[in-house]
Amino acid sequence: MLIYNTLHRQKEEFVALQPGLVRMYVCGITAYDYCHIGHARSNVVFDVLVRYLRYLGYKVEFVRNFTDVDDKIINRAAQEGLSAMEVAEKYIQAFYEDMDALNVLRADNEPRATDHIEDMIKLIRIYLDKDYAYLTSNGDIYFRVRKMAGYGSLSGRNIEELKSGARIAPDEDKEDPLDFALWKSAKPGEPSWDSPWGPGRPGWHLECTAMSEKYLGIPFDIHGGGQDLTFPHHENEKAQSEAAFEREFVKYWVHNGFVRVNSEKMSKSLSNFVTIKDILASFHGEILRFFLLTKHYRSPLDYTENALAEAEKALKRIYWTKAALEKELSRQKWSKGQDFVEAKEEFDALSDKWEQAMQDDLNTAEALGYVFGLVRLANRMLENKTFRKSEPGRLLMLDMLDLLKKWGLVLGLFHHSGQSFLDNLKIMRCRREKIDPKTIDEMIQKRQKARQNKDFALADQIRNELADSGIEVMDTPEGPRWDFA
RNA sequence: GGCGGCAUAGCCAAGUGGUAAGGCAGCGGUCUGCAAAACCGCCAUUCUCCGGUUCAAAUCCGGAUGCCGCCUCCA
């Protein structure tokens with residue numbers, strides 16, 4: 001497959017360092033608050049990448065870390081009257097709840113920074129020995145960026161450019177503004193660990209070097225994260241790792257684009273973020289996941305509530321068709337009949353195109369287009385009575401469901417049975433809009449009676465009343481059914 | 001100020017040289033007591049604008065305009 005490598009600013013053919021094995025590391029969350037849609041996107045995108053690589057037959061060793069020591073966690077702890085550890089634990093659990101709702105798989109390894117202090121101290125020793133680091137008078141240790149040739153290659157900038165923008169905080173004692181902290185000496189009241197240089201805590205970038213080396217080995221295949229991590233986090237991580245291990249750190253750097261609100265980046269500092277939990281209060285997690293995959297992973301994605309409502313309709317359409325196929329397949333007897341050659345050809349073409357889209361830098365937006373192609377094909381065939389009742393039709397319907405399942409396994413979608421998903425959505429909507437389904441059922445029965453008496457005026461009146469509450473009644477051969485419009 | 005990205009129909013969106021996927025909304029038809037859903041058909045001679053390269057450009061090059069990102073914690 002082709003994957004865009006930030007390091008070379010181009011799509012490249014993916015070739016695993018060891019045949020059949022992909023080692024992949026993605027920067028996880030700093031556990032100090034509930035996750036927002038930006039976190040959702042990043043996690044869903046890399047979840048799809050892992051699933052797709054496995055689908056291609058690779059064994060994937062996937063590591064996603066938790067940053068559980070950091071200024072923001074310490075501040076939050078003070079606010080909430082908890083210890084830093086308790087804060088981290090709380091938001092890590094919240095993260096799992098969100099990811100489960102989004103059908104994001106657990107990583108194979110989910111290491112936490114505070115479990116790897118010793119590993120980081122070992123690294124710092126190496127830097128000091130090799131003169132890549134220096135200890136300042138107040139006990140902090142910094143990495144000497146200028147000593148690292150090629151610094152800036154990942155984020156595409158040179159040292160002189162960076163220098164003009166860099167600055168030194170008043171309490172820092174850096175040789176150079178670009179240098180970054182490997183170790184911060186403890187301040188009163190802060191969590192700290194013993195080290196040969198006194199009590200303190202590790203700098204931001206060091207954990208990823210320590211943990212990726214420990215669990216994957218260097219070099220490894222794919223390093224992922226949000227676009228904003230490219231600089232300085234990944235640039236520093238790369239410099240640091242290559243300084244310690246004296247070889248290339250990562251083969252493919254992959255970064256996802258931002259989620260935006262009103263054309264602006266969704267971020268903590270702009271406090272324009274919408275949390276995953278906010279969304280889940282009104283929408284099924286699969287709708288959010290679907291929405292996140294409707295745009296290519298590297299492009300900015302604009303979040304609006306309307307976009308989510310559209311995603312709900314689109315996903316419903318797919319599940320409607322799935323439900324229809326499942327229902328037809330419950331038939332017991334099947335007649336003989338001709339093969340549906342043209343439909344089969346169209347089916348195979350969709351399968352190929354989907355594959356090509358995913359091969360091309362994980363183009364889920366295009367791939368979803370082919371899912372609708374399958375939906376249209378299935379709906380069209382379902383109009384045909386012979387198709388619905390004959391053996392060749394049965395086989396093609398099974399193929400269609402299998403293909404939807406295969407695609408769904410990679411995209412992390414469509415895994416519910418059609419009818420149960422639709423029922424589930426309805427229940428959620430009822431709760432959201434505070435509607436009692438019983439009342440609706442009663443009204444529909446009343447209307448049905450009126451219809452049987454050919455009292456269409458009354459029947460239509462009842463239907464209009466329901467329509468005013470946003471409810472649509474559909475008369476089918478199996479009797480009336482209703483749903484939200 | 002430095003570096004980078006994006007601009008496709010009413011809205012969302014795919015498409016990096018060969019004549020504009022898909023979704024939502026809308027319009028006509030089939031079905032229906034009437035509807036809804038579904039199906040069939042329609043819905044961008046055109047891809048922000050101006051130049052250029054080419055037999056051929058939404059796609060490549062130059063310029064303009066607009067929006068956004070990174071350079072500081074951030075997925």
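So that the names make sense, note that chain A is the first sequence line, chain B the second, and so on, each numbered from 1.
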Does [X] reach a base, just sugar-phosphate, or nothing at all? Heavy atoms under 4.0 Å.
X	value
A:Arg376	sugar-phosphate
A:Lys265	base
A:Gly257	base

Next item on the list: Do nucleotides 25-38 of chain B as a string where each nucleotide becomes B, S or -: B if the base has a protein heavy atom under 4.0 Å, S if just the sugar-phosphate does, - if no protein is that close.
Entry: S-------BBBB-S
Next item on the list: Ignoring hydrogens and angles, state whether a donor on the side chain of A:Ser241 or A:Thr209 is under 3.5 Å from an acceptor on the partner side chain.
Entry: yes
Notebook entry, point to check: Just one of A:Leu374, A:Asn379, A:Leu401 clears the side-chain contact (heavy atoms from CB on, under 4.5 Å) bar with A:Thr321, so which one?
Noted result: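 Checked A:Leu374, A:Asn379, A:Leu401 against A:Thr321; only one passes side-chain contact (heavy atoms from CB on, under 4.5 Å): A:Asn379.
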Notebook entry, point to check: In a check of side-chain contact (heavy atoms from CB on, under 4.5 Å) between A:Ile462 and each of A:Gln445, A:Met443, A:Lys449, A:Gln448, which one passes?
Noted result: A:Met443
Check: How far does the P atom of B:A20 sit from the matching atom of B:G62, given to the nearest Å?
Finding: 27 Å
Notebook entry, point to check: Would you call A:Asp361-A:Lys11 a salt bridge at under 4.0 Å N-O?
Noted result: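 Looking at A:Asp361 and A:Lys11, the cut-off is not met.
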Next item on the list: For residues A:Phe66 and A:Phe95, establish whether the separation of their ring centroids is below 6.0 Å.
Entry: yes
Next item on the list: Can you check whether any acceptor in the base of B:G23 is under 3.5 Å from a donor in the side chain of A:Glu310, or vice versa?
Entry: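 Side chain to base: pair found, below 3.5 Å.
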Next item on the list: Report the C-alpha separation of A:Tyr91 and A:Tyr34 in whole Å, then their side-chain angles, then the decisive distance to 0.1 Å, and conclude whether the ring-ring contact (aromatic ring centres under 6.0 Å, His included) test is met.
Entry: CA-CA 6 Å; A:Tyr91 291 109; A:Tyr34 293 114; 5.1 Å; yes
Notebook entry, point to check: Between A:Leu301 and A:Phe258, which has a closest nucleotide on RNA chain B that is more 5'?
Noted result: A:Leu301
Next item on the list: Assign each of A:Ser155 and A:Ala367 to its nearest nucleotide of RNA chain B by heavy atoms, then name whichever residue's nucleotide is nearer the 5' end.
Entry: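 Closer to the 5' end of RNA chain B: A:Ser155.
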Note to self: Test side-chain contact (heavy atoms from CB on, under 4.5 Å) on A:Leu49 and A:Met24; report intermediate values, then the result.
What the structure shows: CA-CA 10 Å; A:Leu49 180 56; A:Met24 173 166 162; 3.8 Å; yes
Notebook entry, point to check: So which nucleotide from B:G15, B:G69, B:A13 ends up closest to the side chain of A:Glu366?
Noted result: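 So the side chain of A:Glu366 is nearest to B:G15.
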Notebook entry, point to check: Among B:G23, B:A14, B:C71, which is the nearest nucleotide to the side chain of A:Arg157?
Noted result: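 When the side chain of A:Arg157 is considered, B:C71 is the closest of B:G23, B:A14, B:C71.
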Check: Step by step, would you call A:Asp483 with A:Arg429 a side-chain contact (heavy atoms from CB on, under 4.5 Å)?
Finding: CA-CA 9 Å; A:Asp483 200 350; A:Arg429 270 300 275 281; over 6 Å; no
Check: Hey, can you pull the residues of residues 220-227 of chain A with a non-hydrogen atom under 4.0 angstrom from RNA chain B?
Finding: A:Gly225, A:Gly226
Margin query: Measuring to OP1 and OP2 of B:A75, would you say a side-chain N or O of A:Asn43 lies under 4.0 angstrom away?
Written below: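 Result: no.
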For residues 99-113 of chain A, please give each side-chain donor-acceptor pair under 3.5 Å, one per line with the distance, not counting sequence neighbours.
residue	atom	partner	partner atom	Å
A:Asp100	OD1	A:Arg106	NH2	2.9
A:Asp100	OD2	A:Arg106	NH2	3.0
A:Asn103	ND2	A:Gly412	O	3.1
A:Asp108	OD2	A:Arg54	NH2	3.1
A:Asp108	OD2	A:Phe62	N	2.7
A:Glu110	OE1	A:Tyr96	OH	2.2
A:Glu110	OE2	A:Arg64	NH2	3.1
A:Glu110	OE2	A:Ala107	N	2.9
A:Arg112	NH1	A:Glu89	OE1	2.8

